[in-house]
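Working notes, structure below.
So you know, we letter chains A, B, ... as the sequences are listed, proteins then strands, and number each from 1.
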Number of protein chains: 2
Amino acid sequence: MHQILSPDTFDAACPARALLTRLADKWVMLVLLALRTGPMRNGALLRRIDGLSQKMLTQTLRGLERDGLVLRTMFDVVPPHVEYQLTEGGEEIARLVDQIDRWIRDSIAGNPAAGPAA
Amino acid sequence: MHQILSPDTFDAACPARALLTRLADKWVMLVLLALRTGPMRNGALLRRIDGLSQKMLTQTLRGLERDGLVLRTMFDVVPPHVEYQLTEGGEEIARLVDQIDRWIRDSIAGNPAAGPAA
DNA sequence: CTGCATCCGGTTCGATACTG
DNA sequence: CAGTATCGAACCGGATGCAG
């Protein structure tokens with residue numbers, strides 16, 4: 001277990017680090033942000049996130065599902081209709097990711113030339 | 001520019017998304033967390049973050065430096081002495097990353113069996 | 001519409017050896 | 001101690017084709 005304010009090493013075997021590592025992925029972040037506006041279908045996510053392929057979307061959603069951050073709801077109709085939404089935990093994380101995103105955008109707005117650097 | 005609460009797509013060319021994407025990396029997150037305790041040397045970071053190679057550390061630090069989140073200080077002595085520390089912006093981001101980390105650890109502590117899922 | 005299986009090129013990454 | 005250079009292996013990720 002790694003924790004701040006202690007001299008502990010960040011053990012690769014730590015379950016918390018494993019999860020953090022899974023979240024540390026660009027598609028994961030973008031999907032979490034996208035889902036903040038509400039439940040969405042596969043196609044909608046695909047259309048909304050530029051550059052995201054079907055393969056990576058499915059893979060990302062499955063991972064988020066396994067980690068309990070996203071809920072998948074299947075409506076048994078034809079043609080198939082599937083919706084994805086954030087769980088409570090997912091919303092918590094997504095909120096924090098959004099804060100990072102906001103900080104970045106504010107930061108860039110303030111320094112149009114470069115990144116966050118002065 | 002992508003932003004929450006708007007129907008905008010998450011444009012791959014958006015500078016904010018580019019930066020978010022760079023932060024969405026496991027070593028970046030871990031290094032930011034590690035540096036929260038204060039300035040650190042190359043070797044210390046290497047020792048502290050299990051599984052981190054010299055190559056990836058350098059690469060990660062260079063990236064964070066370019067984005068203005070980490071400051072590199074070189075003391076001109078032999079043997080060489082270099083210290084890395086968070087900038088103001090770096091601390092902001094690191095704080096948010098730490099909140100994600102905390103949430104994860106609390107969540108796991110509450111549900112030892114599985115992940116964040118209920 | 002949703003999603004899986006396969007292929008395969010590009011990138012990443014770790015190990016090692018070397019420099020100042 | 002800090003960092004670079006090189007190389008081969010592993011992984012990632014997109015394209016395509018197929019299925020329920």
Side-chain angles (χ1 to χ4, degrees), chain A residues 9-13 17-32 34-35 38-67 70-86, chain B residues 9-13 17-32 34-35 38-67 70-86:
Chain A
T9 62
F10 293 64
D11 189 347
R17 170 167 155 179
L19 181 48
L20 185 66
T21 283
R22 259 170 281 145
L23 294 183
D25 176 278
K26 72 171 170 175
W27 298 129
V28 167
M29 299 248 185
L30 292 173
V31 166
L32 287 177
L35 286 176
M40 275 205 203
R41 305 184 57 172
N42 183 343
L45 285 166
L46 226 37
R47 252 170 282 118
R48 187 153 185 218
I49 303 176
D50 188 32
L52 176 56
S53 68
Q54 173 66 58
K55 177 181 175 180
M56 291 316 292
L57 174 57
T58 300
Q59 188 172 306
T60 301
L61 287 171
R62 291 295 173 276
L64 288 170
E65 229 183 313
R66 256 180 274 117
D67 288 329
V70 161
L71 184 65
R72 178 178 187 273
T73 309
M74 240 275 268
F75 300 90
D76 207 347
V77 297
V78 290
H81 181 123
V82 179
E83 277 191 359
Y84 297 94
Q85 61 189 303
L86 296 175
Chain B
T9 62
F10 292 64
D11 188 347
R17 170 168 155 178
L19 181 48
L20 185 66
T21 284
R22 260 171 280 146
L23 295 183
D25 177 276
K26 71 171 170 176
W27 298 129
V28 167
M29 299 245 185
L30 292 173
V31 167
L32 288 176
L35 287 176
M40 276 206 204
R41 304 183 57 170
N42 183 344
L45 285 166
L46 225 37
R47 251 171 284 118
R48 188 153 186 220
I49 303 177
D50 188 32
L52 177 57
S53 68
Q54 172 66 56
K55 177 181 174 181
M56 289 317 292
L57 175 57
T58 300
Q59 189 172 307
T60 301
L61 287 170
R62 293 292 176 276
L64 288 170
E65 229 184 314
R66 255 180 276 117
D67 287 329
V70 161
L71 184 66
R72 179 179 185 271
T73 309
M74 240 274 268
F75 300 91
D76 207 344
V77 296
V78 288
H81 182 123
V82 178
E83 277 191 357
Y84 296 93
Q85 61 189 302
L86 296 175

Practice prompt. Just compare C:dC1, C:dG3, D:dC1 and give me whichever is closest to any side-chain atom of A:Pro79.
Written response: C:dC1

Worksheet entry | Atom-to-atom span, CG of B:Leu61 to C1' of D:dT4 - whole angstrom | 15 Å

Practice prompt. Would you name the heavy atoms of B:Leu46 and B:Gln54 that are closest together and state the gap between them?
Written response: CD2-OE1, 3.3 Å

Worksheet item: Roughly how many Å is it from CG in B:Asp50 to P in C:dG14, rounded to a whole number?
Response: 12 Å

Item to complete: Find the distance B:Arg22:CZ to C:dT12:C1' and express it as a whole number of Å.
Response: 17 Å

Worksheet item: Do any N or O atoms from the side chain of A:Arg48 and from the backbone of A:Ala34 form a donor-acceptor pair under 3.5 angstrom?
Response: yes

Worksheet item: How long is the line joining CG of A:Asn42 and P of D:dG20, in whole Å?
Response: 18 Å

Item to complete: Would you indicate, yes or no, if C:dG3 has its OP1 or OP2 atom less than 4.0 angstrom from a side-chain nitrogen or oxygen of A:Arg72?
Response: yes

Worksheet item: Can you tell me if the side-chain N/O atoms of B:Gln59 get under 4.0 Å from OP1 or OP2 in C:dC13?
Response: yes

Practice prompt. Whole angstrom is fine here: how far is it from CG in B:Asp25 over to P in C:dT12?
Written response: 10 Å

Worksheet item: How many Å lie between CZ on B:Arg62 and P on D:dT4, as a whole number?
Response: 5 Å

Practice prompt. Between C:dC4, D:dA2, C:dA15, spot the one nearest the side chain of B:Lys55, thanks.
Written response: C:dA15

Worksheet item: What closest approach, in Å, do B:Leu64 and B:Val28 show between heavy atoms, and which atom pair accounts for it?
Response: CD2-CG1, 3.9 Å

Worksheet item: Between D:dC1 and B:Tyr84, is there an OP1 or OP2 to side-chain N/O distance shorter than 4.0 Å?
Response: no

Discussion item. Of the listed nucleotides (C:dG3, D:dG14, C:dC13), which one gets closest to any side-chain atom of A:Thr58?
Written reply: C:dG3

Practice prompt. Consider the side chain of B:Arg41, meaning its heavy atoms from C-beta on, and name the nucleotide among D:dC1, C:dT2, C:dC13 that approaches it most closely.
Written response: D:dC1

Worksheet entry | Protein-nucleotide distance (B:Leu52, atom CG; D:dG3, atom P), rounded to Å | 13 Å

Worksheet, complete the sentence: Considering only heavy side-chain atoms of A:Trp27, the closest of D:dG3, C:dC1, D:dG14 is D:dG14

Discussion item. Using only atom types and a distance under 3.5 Å, with no angle test, would you say the side chain of A:Asp50 pairs donor to acceptor with the backbone of B:Asp11?
Written reply: no

Worksheet item: What heavy-atom pair brings B:Val77 and B:His81 nearest, and what distance separates the two atoms?
Response: CG2-CB, 3.9 Å

Practice prompt. For B:Gln54 and C:dT19, give me the distance from atom CD to atom P, rounded to whole Å.
Written response: 17 Å

